[in-house]
Amino acid sequence: MLVFKFGGASVKDAAGVINLSNIVKKYEGQKLLIVVSAMGKTTNALEKLTKAYINGSRDLHTVFDEIKDYHYNIVKELFAPNHPVYNEVANTFVEIDWMIEDEPHADHDFIYDQIVSIGELVSTRIVAAYLNQTGIKTQWLDVRGYVHTDNNYREGNVNWDRTRASISQEIPALLDNGIVVTQGFLGGTSENFTTTLGREGSDYTASIFASCLNAESVTTWKDVPGILNADPKHFADTVKFNELTYAEAIEMTYYGASVIHPKTIKPLQNAKIPLLVKSFNDPSAEGTIIKETADMHFDKPVIILKQNQVLLSISARDYSFISEIHLSEIFNLFAQNNIKANVMQTSALSFSVCFDLNPERFEKLLAGFNQNYKVKYNSELTLITLRHYKLYDLKGLVENRSILLEQVSRNTAQMVVK
Ligand code: ASP
Ligand code: MG
């Protein structure tokens with residue numbers, strides 16, 4: 001069986017849904033499970049709605065109306081006015097109406113997941129209805145009964161035993177009956193609340209299903225021809241990789257390449273299931289295949305930019321050397337506040353660390369440093385990572401920006417620049 005994943009950009013309008021159905025048609029007769037994200041930028045819009053609700057902002061209803069209008073415009077282009085999908089979509093949105101009537105729950109991450117998940121629940125209703133309308137027999141599946149997580153809202157941890165049992169017991173029979181369409185990014189707790197798996201988590205969902213169903217492959221359909229050495233939005237003359245190893249793909253996502261969600265590869269690697277990255281605009285083109293052994297050529301380095309970085313430097317107030325005791329205190333604070341270090345460097349008197357800015361977490365982190373530490377930081381920085389950079393002009397890349405931290409190893413060079 002095959003697993004496909006369609007991201008938000010692939011279903012951002014009616015033409016995208018039609019294109020999806022044309023791709024799926026080419027695979028008719030195969031067992032196929034399709035994981036779909038929220039349409040276009042819906043998740044961002046739902047995040048805005050969640051904030052407005054929590055802050056009691058007057059924008060709340062305007063933001064919600066925009067989200068609904070956007071979806072109904074797509075529905076109107078695809079279906080006749082009496083089609084049952086109108087009710088399905090309305091019944092999904094009404095969950096938000098019920099929620100925002102009440103005072104916000106104290107746990108904001110919980111609220112976030114209950115609201116933001118509506119994006120995927122609606123998009124999959126539309127996609128499944130459209131596939132059925134075009135004659136492709138399709139079943140809509142609520143993923144929350146299959147991907148079981150703990151109640152770590154916004155970053156649910158998958159309970160693999162329960163998930164594997166649910167998926168492997170029930171999905172094969174469904175696949176005998178037609179295509180299955182389900183939501184990416186979502187999970188369910190044992191109390192039947194909705195969780196999310198972290199932004200851009202739909203790739204991970206696809207890999208969970210593939211692993212539990214022992215799929216032949218996973219294909220993620222994107223707006224790029226495959227995995228490129230650099231983001232074409234920032235660099236000209238990018239090259240596409242035909243093949244990559246799982247290990248190289250993990251390295252790339254670790255340093256922030258946004259082509260695939262970082263958690264995606266491990267389950268696939270464990271089960272030796274290849275991941276194909278292909279263009280939804282040119283479905284017959286080859287794309288990139290990620291697998292155990294690959295024929296890799298790095299004629300150009302892999303360049304990964306991460307924006308919105310903070311560089312924090314921490315030293316002991318009494319001028320004592322940074323010791324293992326200090327480091328373990330510092331790492332504990334990072335772990336407690338869920339902040340992941342992207343680069344670190346120690347010197348005798350200070351420890352420097354670069355990470356993504358999440359204002360709430362950063363504030364808590366700073367508050368956690370006691371009077372024994374002195375901290376300084378710079379924000380709005382960019383982290384540039386180069387893999388396989390040999391013979392490449394590192395300084396040319398930075399031009400006249402100032403380098404605040406630099407770290408070079410055999411395969412990887414990193415610079416934090418202003
Ligand atoms: N819709 C979610 C997001 O935008 C999940 C995904 O697209 O993978 O983060
Ligand atoms: Mg998305």
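Indexing begins at 1, ligand by ligand and atom by atom, following the structure's order. Just the heavy atoms: all of them, side chains too, but no hydrogens, waters or symmetry mates, feed the values below.
In this structure, the ring of F355 has its center less than 6.0 angstrom from the ring center of F362.
In E120, the part holding a heavy atom less than 4.0 Å from any atom of ligand 1 is the side chain. Heavy atoms from both the backbone and the side chain of S202 come within less than 4.0 Å of ligand 1.
At a threshold of 4.0 Å, the pair D203-K263 does not count as salt-bridged, since none of the basic side-chain nitrogens sits closer than that to a carboxylate oxygen.
Heavy atoms of G7 come nearer than 4.0 angstrom to ligand 1 in no pair at all. Not a single heavy atom of K41 lies less than 4.0 angstrom from ligand 1.
In this model, a donor atom of one side chain and an acceptor atom of the other lie less than 3.5 Å apart for R199 and N44. Side-chain atoms of T149 and T195 form a donor-acceptor pair, as typed in the model, at a separation below 3.5 Å.
In terms of polar-atom proximity, defined here as any N/O pair under 3.5 Å, R199 does make such a contact with ligand 1. Of the polar atoms of E200, at least one N or O is found under 3.5 Å from an N or O of ligand 1, judged by distance alone.
Screening F280, F209, Y27 for a ring-ring contact (aromatic ring centres under 6.0 Å, His included) involving F4 leaves a single residue, Y27.
The residue from N44, T43, L186, I260 that puts a heavy atom closest to atom 2 (C) of ligand 1 is T43.
No cation-pi contact links K41 to Y70, judged by a cut-off of 6.0 Å to the six-membered ring centre and 45° from its axis.
Near F185, with a cut-off below 4.0 Å to any heavy atom, the atoms of ligand 1 are 2 (C), 5 (C).
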